[in-house]
Every structure is written in structure tokens, then in C-alpha cells.
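Naming: A, B, ... by sequence-line order, numbering from 1 per chain. Excluded from the calculations below are hydrogen atoms, water molecules and symmetry mates; all remaining heavy atoms, backbone and side chain alike, are included.
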Amino acid sequence: MIDFTASADIVAPQLLGMVLTHNGVSIRITEVEAYLGSGDEASHTFNGRTPRNAAMFGPPGRLYVYVSYGIHRNGNIVCAPEGTGEGCLLRAGEVIDGIDLAYQRRGDTEFHNLARGPGNVGKALGFSIEDNGTPVLLSDREREPEWVRGPRIGISKNQDAALRFWIPFDKTVSRRRGLPR
DNA sequence: GCTGAGATATTCT
DNA sequence: GAATATCTCAGCG
């Protein structure tokens with residue numbers, strides 16, 4: 001079982017390949033990003049505690065959901081001891097259960113696009129603001145999959161930090177503008 | 001495959 | 001009141 005009181009960049013690779021179940025849909029996690037508490041300018045918690053990011057300072061192993069660009073619901077798993085403010089952003093996954101429900105929420109699309117990209121993960125799993133602080137349902141994985149780490153995506157600060165973790169060559173991992181596979 | 005534009009909650013001044 | 005944000009989609013090649 002994962003020790004969620006560890007730092008986010010320690011927990012992140014352990015999440016890869018695990019099955020997350022929420023609101024009737026299960027995904028196998030294929031891509032995550034770690035956001036640290038201090039010294040990480042890109043983290044929501046960098047400028048201290050606010051009503052929005054309160055859940056990230058709460059007990060680890062819980063959910064932190066926030067609205068991105070006013071449109072998307074992005075989900076994080078809270079890491080590190082309570083009060084630290086670290087988390088792992090769920091960037092992509094492969095839907096393995098509740099597929100009908102996922103299609104219903106996402107509309108007609110390619111199968112591997114169902115939970116490809118952070119906003120789409122939130123949509124497929126039906127994240128909402130009310131889910132803040134709710135426990136995360138994770139299955140144990142049988143063995144650790146192969147994974148790699150690299151720079152994060154879609155942020156404007158501290159891009160050089162290699163805090164993105166993903167399973168290489170997986171169809172469901174978001175391939176952003178001309179970045180390495 | 002790549003580019004450009006749009007959407008609004010939250011925070012900062 | 002203004003700026004920013006852990007993006008996504010349609011439209012084109």
C-alpha cells in the first residue's frame with residue numbers, strides 16, 4: 001500500500017498502473033504530475049492556504065478538486081503530512097470499468113481519449129467541487145509498471161522540474177505539442 | 001499532425 | 001477591477 005505521507009514526487013510513480021474508482025468509473029492511471037509544497041512556484045499551495053486549495057493541506061490520500069480555466073475540473077491526490085500542501089495531479093488514465101458511463105459523460109470520442117488529459121479525467125470520473133476531501137479509492141497493483149519522468153506540461157512556472165511521471169508509449173497518455181514521447 | 005481561440009472561478013492590486 | 005490559470009476543442013493541412 002502507498003504511504004501518502006511521503007512527498008508527492010515519491011508517491012507519483014507509485015500511482016502509475018493503479019486502478020482508481022470514482023462515481024462508477026474505474027481508470028488505470030497512466031500519467032500524473034507531482035506538485036510540491038514549498039519551493040515549487042507552479043503549485044497552487046505556493047502562495048499559502050486559500051479557500052480553494054484548503055483540501056490540499058488536509059489529510060493525505062484524499063481528493064483535491066479545483067476548477068481550471070473556469071471550465072475543467074482537475075483532480076489531485078493529496079500527499080505529504082497534513083498541513084504540508086502537496087499533491088499529485090491526475091493527468092491521464094485508461095478507462096477499464098464503467099465505460100458506458102464514461103462515454104455518456106465525455107460524448108462520442110476515441111476510446112483512448114476518454115480520460116486523456118487532466119480535464120477529461122475529471123469529466124470521465126465525474127469530479128465536482130463537492131468531492132474535495134473525500135477519500136480516494138485505489139486498488140493495489142500486482143507489479144510496478146515501467147515508467148519514466150520528465151518536465152511538466154501546461155504550466156507557466158518552474159517548468160524545468162522533472163515532476164511529470166508517465167507510462168511510455170501508452171495510447172492514453174497526453175502527447176502535448178511536439179514533446180518527446 | 002499543428003495552431004488559434006475560447007471559457008470563467010479565483011486571486012491579486 | 002484586472003490578471004491569471006495544473007486546458008480543450010474545432011478547424012485546417
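The cationic atom of A:R149 (NZ for Lys, CZ for Arg) does not lie both less than 6.0 Å from the six-membered ring centre of A:W147 and within 45° of the ring axis. Cation-pi check for A:R152 over A:Y35 is met; the charged atom lies under 6.0 angstrom from the ring centroid and within 45 degrees of its normal.
In this entry the distance linking CD1 of A:I71 with P of C:dA5 reads 15 Å, nearest Å. C:dA10 atom P lies 13 Å from atom CD of A:E110, rounded to whole Å. Between A:D108 atom CG and C:dC9 atom P the separation is 13 Å, expressed in whole Å. Remark: P of B:dT8 and CD1 of A:I129 are 15 Å apart, rounded to the nearest angstrom. When the P atom of C:dC7 is taken as reference, atom CZ of A:R106 falls 15 Å away, rounded to whole Å. Here the C1' atom of nucleotide B:dA9 and the CD atom of A:E130 are 14 Å apart, to the nearest Å. Regarding A:N158, its CG atom lies at a distance of 17 Å from the C1' atom of C:dT4, rounded to whole Å. Counting to the nearest Å, the P atom of B:dA9 and the CG atom of A:N53 are 18 Å from each other.
Taking 4.0 angstrom as the limit, A:T50 places a side-chain polar atom (N or O) nearer than this to OP1 or OP2 of B:dT11. OP1 or OP2 of C:dC9 has at least one side-chain nitrogen or oxygen of A:N120 nearer than 4.0 Å.
A:R141 contributes no side-chain N or O that, together with a main-chain N or O of A:M18, makes up a donor-acceptor pair within less than 3.5 Å. A distance-only check finds no donor-acceptor pair linking the side chain of A:S26 to the backbone of A:D97 [under 3.5 Å]. When atom types are taken as modelled, the side chain of A:S43 and the backbone of A:L36 share a donor-acceptor pair closer than 3.5 angstrom. The closest donor-acceptor contact from the side chain of A:N53 to the backbone of A:G48 lies under 3.5 Å.
When hydrophobic clusters are built by joining Ile, Leu, Val, Met, Phe, Trp and Tyr residues whose side-chain heavy atoms come closer than 4.5 Å, directly or via intermediates, A:I99 is grouped together with A:L90. If you chain together hydrophobic residues whose side chains sit under 4.5 Å apart, A:L16 and A:I153 never meet in one group.
Counting heavy atoms from C-beta outward, A:C88 and A:C79 have side chains that approach closer than 4.5 Å. A:D40 has its side chain out of reach of A:E86: every pair of non-hydrogen atoms, C-beta onward, lies at least 4.5 Å apart.
The structure places CG of A:N23 at 5.5 Å from CG of A:D131, a figure rounded to the nearest 0.5 Å.
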query = What pattern of brackets, bars and dots sums up DNA chain C from 5' to 3', given Watson-Crick or G-U wobble pairs under 3.5 Å, [ ] for crossing pairs and | for another strand?
reply = |||||.||||||.
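For residues 73-83 of chain A, proximity to DNA chain C is found at A:N74, A:N76, defined as any non-hydrogen atom under 4.0 angstrom from a strand atom. Applying a 4.0 Å cut-off to non-hydrogen atoms, none of the residues of residues 7-24 of chain A approaches DNA chain B.
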query = Going through the distances and angles, do A:H72 and A:N120 end up as a side chain to side chain donor-acceptor pair (under 3.5 Å)?
reply = CA-CA 8 Å; A:H72 314 291; A:N120 292 332; over 6 Å; no
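Comparing atom distances between the A:P118 side chain and each of C:dT8, B:dA9, C:dA5 picks out C:dT8 as nearest.
Residue A:K157 is the one, among A:G117 and A:K157, whose nearest nucleotide of DNA chain C lies closer to the 5' end (criterion: closest heavy atom).
Residue contacts shown for A:S43 include a base, since a base heavy atom lies under 4.0 Å away.
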